[in-house]
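Numbering of residues begins at 1 and proceeds along the displayed sequence. No hydrogens, no waters, no symmetry mates; every other heavy atom, side chains included, goes into these values.
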Amino acid sequence: MERNWTSVKNFILLGLSDSPNQQTGLFSLFLAMYLVAVLGNAMIVAIIIRDLHLHTPMYFFLGNLSFVDICFTSAIAPKMLQNMLTEIRTISFVGCMAQFYAFSCTACTEIYLLAVMAFDRYVAICNPLRYTSVMSKSLCISLVSGSWLLMSLHSILHISMVSRFVFCDSNLIRHFFCDLPPLLKLACSDTTSYQWLLFAEGSVVTMSPFVFTIASYVSIISTILKIRSEKGRLRAFSTCSSHLTVVTLFFGTIFFTYFRPFSANTLDQNRVVTVVYTIVIPMLNPFIYSLRNNDVIGALRNAFNRKTHI
C-alpha cells in the first residue's frame, strides 16, 4: 500500500543541548572560540600577504589553509550561535542544502590542502636542491585552485543527490548543523544505493589525499633519520611537526565521524566529535602553526613594532 508523504519544507536544528539553562553558557563559549578562530586565521593571512619574507610556497599554502578555515567554521558557527539565542531553530530546506554544500566543499578542500602541504614538505626535505624548480609559482596556484575546483564539483554531486530525497514525518535534525548522517536518517527515500556511492566515492576522494600524505611523511621521516647531525634532524622535523599535528587531529575526527556504517553511528558522539573539527581545530591551527614557527613569530613582532612606532 502506498503511503502519502508530505515533503518537509524546513528543518529544526536541535543543537548541542536540549537544556535551556545551558544555552547562555554554550553561546559564550562558542562565540569566543569562533572569534578566536576567525581573527587568528585572518591574522595569519594578513601577515603572510604583508611580509615579503613569507612569500614562499609553504606560507602560500598556509595562508590558503587559514582562509579555508575561516570559510569552513563560518559555514557552521553563525547559525549555531543564532539558534542558541532563540527558541525558533528552523532552517529552510534550501538553507540546509546550502549549508551542507558550504561545509562539504570547505572541509574537503582542507583535506586536499593538507595533502598539498605534505607534498611541499616532501620536496623541501627529500629533494631540497630541486625545491625551487619543482614548487614553482604556477604549480602552487594550480594545486590550490585545483583543490577548490575538484571539491566544488564533488560537493555539487552530493548536494544534487541529497536534495532529491524525500524528507517526511520528522524534521528534527539531532545536530547543530545540516550534516549528512542526521539528514540521511530523516530521509523517507531509499538511501542504500547513495550510501554505497558515498562510501565508495567519498573513500576515493578522502583516502587519496590521506594515503598521499602518509606516503609523503614516510619518505620525510626516512630522510630525516638519515641526517647525521641531531641538530639537523630536529631542524628538519620542526618544519613539518605543526602540519603533522593538524593532519592527525583533522583526519582522525573526520574518519571517526564519516567512515563508520551509519547504523553504528551514535549521533550524540558525532555531535561532540564534529565540534572538534568544525570549531576547535580551526581555532587551534593559528596557534599550532605560529607558536613554534620563528618566521611567523618574527613577522608578527615586526608588524607589532611598526604599529607601535607610528
Side-chain angles (χ1 to χ4, degrees), residues 10-47 62 65-92 95-107 110 171-183 242 245-246 248-250 252-254 256-258 265-292 296-297 300 303-304 307:
N10 56 65
F11 296 100
I12 298 176
L13 297 168
L14 297 181
L16 283 170
S17 173
D18 299 329
S19 174
N21 298 328
Q22 296 179 351
Q23 298 307 311
T24 302
L26 289 173
F27 174 83
S28 302
L29 174 62
F30 284 102
L31 176 62
M33 294 171 68
Y34 175 61
L35 291 177
V36 170
V38 171
L39 294 177
N41 283 289
M43 179 190 67
I44 294 293
V45 172
I47 288 296
L62 177 57
L65 181 69
S66 295
F67 174 72
V68 170
D69 274 337
I70 294 173
C71 299
F72 179 40
T73 194
S74 295
I76 307 298
K79 182 62 178 176
M80 177 181 70
L81 292 170
Q82 177 191 350
N83 288 345
M84 289 177 180
L85 294 180
T86 178
E87 295 181 359
I88 303 175
R89 301 181 179 183
T90 59
I91 183 171
S92 67
C96 187
M97 295 299 106
Q99 188 183 57
F100 172 58
Y101 170 81
F103 161 74
S104 174
C105 182
T106 52
E110 178 148 349
N171 64 344
L172 301 177
I173 297 179
R174 295 185 58 82
H175 216 314
F176 55 88
F177 76 103
C178 290
D179 199 7
L180 189 56
L183 277 175
S242 299
T245 301
V246 173
T248 303
L249 289 172
F250 192 77
T253 52
I254 288 286
F256 179 86
T257 304
Y258 297 104
N265 278 348
T266 301
L267 291 181
D268 291 336
Q269 288 181 350
N270 282 357
R271 282 190 288 182
V272 174
V273 175
T274 305
V275 168
V276 175
Y277 70 82
T278 58
I279 308 293
V280 177
I281 293 178
M283 178 190 69
L284 293 179
N285 279 355
F287 298 100
I288 294 173
Y289 279 108
S290 63
L291 290 181
R292 297 183 61 186
V296 174
I297 292 174
L300 288 171
F304 180 77
K307 286 186 177 182

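Looking at every heavy atom in both residues, N41 comes nearest to P282 through ND2-O, 2.9 Å.
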Do any side-chain atoms of residues 67-80 form donor-acceptor pairs under 3.5 angstrom with protein atoms, and if so which ones, sequence neighbours left out?
{"residue": "D69", "atom": "OD2", "partner": "N285", "partner atom": "ND2", "Å": "2.7"}
{"residue": "T73", "atom": "OG1", "partner": "T278", "partner atom": "O", "Å": "3.0"}
{"residue": "S74", "atom": "OG", "partner": "Y34", "partner atom": "OH", "Å": "2.9"}
{"residue": "S74", "atom": "OG", "partner": "I70", "partner atom": "O", "Å": "2.7"}
{"residue": "K79", "atom": "NZ", "partner": "T90", "partner atom": "O", "Å": "3.0"}

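The side-chain hydrogen bond (donor to acceptor under 3.5 Å, both in side chains) check on T106 picks up nothing, with sequence neighbours excluded. Remark: C96 pairs with C178 by the disulfide (SG to SG under 2.5 Å) rule, at least two apart or across chains. Looking at residues two or more places apart in sequence or on another chain, you find a side chain to side chain contact (heavy atoms under 4.5 Å, CB included) between L29 and M33. Q82 pairs by the side-chain hydrogen bond (donor to acceptor under 3.5 Å, both in side chains) definition with nothing, not counting sequence neighbours. Remark: T245 pairs with L249, I288 by the side chain to side chain contact (heavy atoms under 4.5 Å, CB included) rule, at least two apart or across chains.
The CG atom of L16 sits 5.0 Å away from the CZ atom of F30 when rounded to the nearest 0.5 Å. The CG atom of N10 sits 6.0 Å away from atom CG of N171, with the distance rounded to the nearest 0.5 Å. Once rounded to the nearest 0.5 Å, the distance linking CD of E110 with OG of S66 reads 9.0 Å. Distance check: L35 CG to M283 CE gives 11.5 Å after rounding to the nearest 0.5 Å. Rounding to the nearest 0.5 Å places CG of L172 at 10.0 Å from CG of L13. In this structure, CZ in F177 is found 9.0 Å from CG in L183, a value given to the nearest 0.5 Å.
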Q.
Working note: R89 + I173, criterion side chain to side chain contact (heavy atoms under 4.5 Å, CB included); need CA distance, chi angles, decisive distance, verdict.
A. CA-CA 10 Å; R89 301 181 179 183; I173 297 179; over 6 Å; no

(Q) Please determine whether side chain to side chain contact (heavy atoms under 4.5 Å, CB included) holds for the pair L62 and Y289, giving the CA-CA distance in whole Å, both sets of side-chain angles, and the decisive distance to 0.1 Å. (A) CA-CA 8 Å; L62 177 57; Y289 279 108; 3.5 Å; yes

Q) Between D179 and F103, does a side chain to side chain contact (heavy atoms under 4.5 Å, CB included) hold up when you go through it step by step? A) CA-CA 8 Å; D179 199 7; F103 161 74; 3.6 Å; yes

